[in-house]
Amino acid sequence: MATQANTAAPTTSRGVRIPNSLLGYLLIAPPFLIMVVLIFFPAMQSVIRTLFYTPDGTLINFNLNRYIDFFQDPIAVSNLLFTFRVTLISIAVLFLLCFPLALYLRFSSSRIAAWLQTVILVPLFVPGIVLAYAMIRFLSGHGTVDTFLHTIGVTARYRSWYLKPEGIMLSLIWENIPFTIMILTAGLRQVSNELIDSARDVGANNWQIFWRIILPLIQRPALIILSLNFLGIFGSYTVPYLLGPAAPQMMGVYMQQTFTEYQDRAGAETQAVITFFSCAIVGALYVRAVTRQRVEQR
Amino acid sequence: MLGSRSPRRLLLHTALLLALVLSLASNITKSDAQDKIFLNVYDNGDTNITDWWAKTIIPAFEKANPKYKINYFIARSGNGIQNIIDRALAALQTGADPQVDMFSGVPGDYPDALKAGLFLEVNEKNVPLLKTVLPGAQLSPFGLPYRGSQVLLAYDSTRIKDSDVPRTFPDLIKWIKANPGEFVYCRPDKGGSGRLFVARAIYEVTGKDPSKFTADKVDQELVKQYPKAWDLLRDIHTSIYDNGSYPAGNTPTLQLLANGSVSMITAWSDQSLQALRNGQLPKTIKLAQLTDLPFPGGYAYQIIPKNAKNQEGALALANFLLTPEVQASAVTVIGGFPAVAWDVLPKEMQTEFNSVIAKSIPVWPEGQYQPAATKGWYENVATNIKQDS
């Protein structure tokens, strides 16, 4: 694919010749500049401020005071750990839920599979705020779940997930199903039928095909979706704003609260840098997975 | 056809047509303006407020004062009112007509305009009906309070007898502990109904004197007493709905009452009256106000710029807003609360709202009192860490 793109450059045109490389750089310049000006530059500014300035804005020597403050505040630490917990559990459940479904959608040609493929996309078109209020209705006391349990004869006192961590996880999982399925089925489609047929010809059973062929080939899409889900869930805001407990809170809500409600800009900045680095590590994994794929395809 | 004409000719024709239309239009307004005095009123209220103005207040005012006609502008988007104030400030400096006679807003939100002396002082001399306004409602001499809203107890009358509803704050605390899981208020930063419940707890531990908390400066001595309020609220933490679960907003709190998860909450008066009217809350939900010191509330204000061209008309409108007629419609049309004492309103209305009528409603200043209150609440009341109380 990469070689094709190179041959399509304007080498045959008779006018002014623009070198391929320059044209490429020109084309990526606007988005790159936007990234630098709106993302990298302010992010670096924030990092520098947290390391070299006091909360009231005076320049001092390099120090980690703000980070020490953060990690000595039991509430801040519990919010960070809570965010990791919610994120890791959610992406694990998402994967366990979506991988078998993606396998089914890839290898089944039944009408149910086609129908399911469409239905699964529905959450993609539901805005976060609508989802959050729907979940409140669904999970709340005398809501859908409660009523259903009552109808089938479960009369034990209903323990609502609405203001519990499970409420956040359930909503985020529901929200991220379509995207996860899309990436995983796309990944599975790269496993060609010929490959599987030939494996079967030499006597491999289903389990061996899964273990020796599909699983190694799906590693990269799996890594991609795990990291994308991590980034999306770690930084989620609307759902943990409306569902889940008042304490602990996820970092997105905690940052906003520190910034606007406590009017503590320096504190919010430190939280943001910590969140940013937590995500950057996973972001690096994602970038590695994607670039390795490009290199290999060449 | 158009293509065959020369562009210059087309332009000329368009300009002529435009000039004709404009001259006609200005003639119309001129002839209308000859016998009417126009008042320009700007409002940034929500649709329910602007509808109330357009359909109730303005027709009534124009009928009672035939020489005036109101140009009503909705300046809801962006910083609509700020733009109007900027324009009026510029006009004040040049002596021009600011083209605004009244607008909605809290004077304290516009320190620059206050400093420049843009706002007209309203008092009993130029707005006689101000004497009927509830004490404490007029926070600044430059703002005319004309509708209110307050936080109340909303309860399920099928589960709590009216006579058992607590009417003092200590009784409420006792009731909450005696009925674990039945009461809930929302997080103080996510909705006013929770914020003002917390504010009421702060009043309780600082001597029940709201006048100590003023908007202009923060008394650190009072902030130092917050921990007493945290002890009080931490004490009821496990008796709150679902072992201390606080919803994130006014509406989610109302939903918990509506679906029967709890039997008592704190709620905004206007929001609950509206929910009762449109059926979101069942008719069995009733409202009550504390009698020792009510839950705080807030008022909406109108401001008149000093350089208003029709100051006399603006003052007449200001006075009209405080008439029993308009004040009663605040209750019936928008589910608001009057800014005036209830006893000037119709008798049957006083009977209907008997359980929520208060002589004065404290106004919690928020401002610099709020960040410490919100932070203190999260760190000491709702926290999952401190388990020692």
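- The neighbour count for A:Phe179 CZ, taken as heavy atoms of other residues, nucleotides or ligands under 6.0 Å away, does not exceed 12.
- B:Ser261 has its side chain within reach of A:Ser140: a pair of non-hydrogen atoms, C-beta onward, lies under 4.5 Å apart.
- In this structure, B:Lys161 places its NZ atom where only 12 or fewer heavy-atom neighbours from other residues, nucleotides or ligands lie under 6.0 Å away.
- Contact of the A:Glu261 side chain with the B:Tyr378 side chain is not registered, since no non-hydrogen atoms from C-beta on lie closer than 4.5 Å.
- When the shell of 6.0 Å around OH of A:Tyr237 is examined, it contains more than 12 heavy atoms from other residues, nucleotides or ligands.
- The greatest number of non-hydrogen atom pairs below 4.5 Å with chain A, out of B:Pro252, B:Gly244, B:Gly260, B:Pro188, is found for B:Pro252.
- Per-residue counts of heavy-atom pairs under 4.5 Å with chain B were compared for A:Gln257, A:Arg137, A:Gln263; the largest is that of A:Gln257.
- For B:Tyr241 against A:Ser160, the heavy-atom pair with the smallest separation is OH-CB, 4.1 Å.
- Remark: A:Phe32 CZ is loosely packed, at most 12 non-hydrogen atoms of other residues, nucleotides or ligands lying under 6.0 Å away.
- Taken from OH in A:Tyr262 to CG in B:Asp189, the straight-line distance is 7.0 Å, to the nearest 0.5 Å.
- The residues B:Lys375 and A:Asp264 are annotated as not salt-bridged, no charged nitrogen and carboxylate oxygen being separated by less than 4.0 angstrom.
- At a 4.5 Å heavy-atom cutoff, B:Glu366 makes no contact with chain A through either its backbone or its side chain.
- Of the atoms belonging to A:Pro245, it is backbone heavy atoms, and not side-chain ones, that fall under 4.5 Å from chain B.
- Nearest heavy-atom pair, B:Asn384 versus A:Ser78, reported as atom, atom and distance to 0.1 Å: ND2-OG, 3.6 Å.
- Between atom CG of residue A:Leu163 and atom CG of residue B:Leu256 there is a gap of 6.5 Å, rounded to the nearest 0.5 Å.
- Of the possible donor and acceptor atoms, none in the side chain of B:Asn259 sits under 3.5 Å from a partner among the backbone N and O of A:His142.
- Put simply, the side chain of A:Arg159 reaches to within 4.5 Å of the side chain of B:Asp242, judged on heavy atoms.
- A:Ile75 touches chain B through backbone and side chain together, each having a heavy atom under 4.5 Å away.
- With a threshold of 4.5 angstrom between heavy atoms, A:Thr260 does not approach chain B through any atom at all.
- Between A:Gly244 and B:Arg187, the closest heavy-atom pair is O-NH2, 2.8 Å.
- Atom CZ of A:Phe52 sits in a crowded spot, with more than 12 heavy atoms from other residues, nucleotides or ligands closer than 6.0 Å.
- With a threshold of 4.5 angstrom between heavy atoms, A:Tyr133 approaches chain B through side-chain atoms but not through N, CA, C or O.
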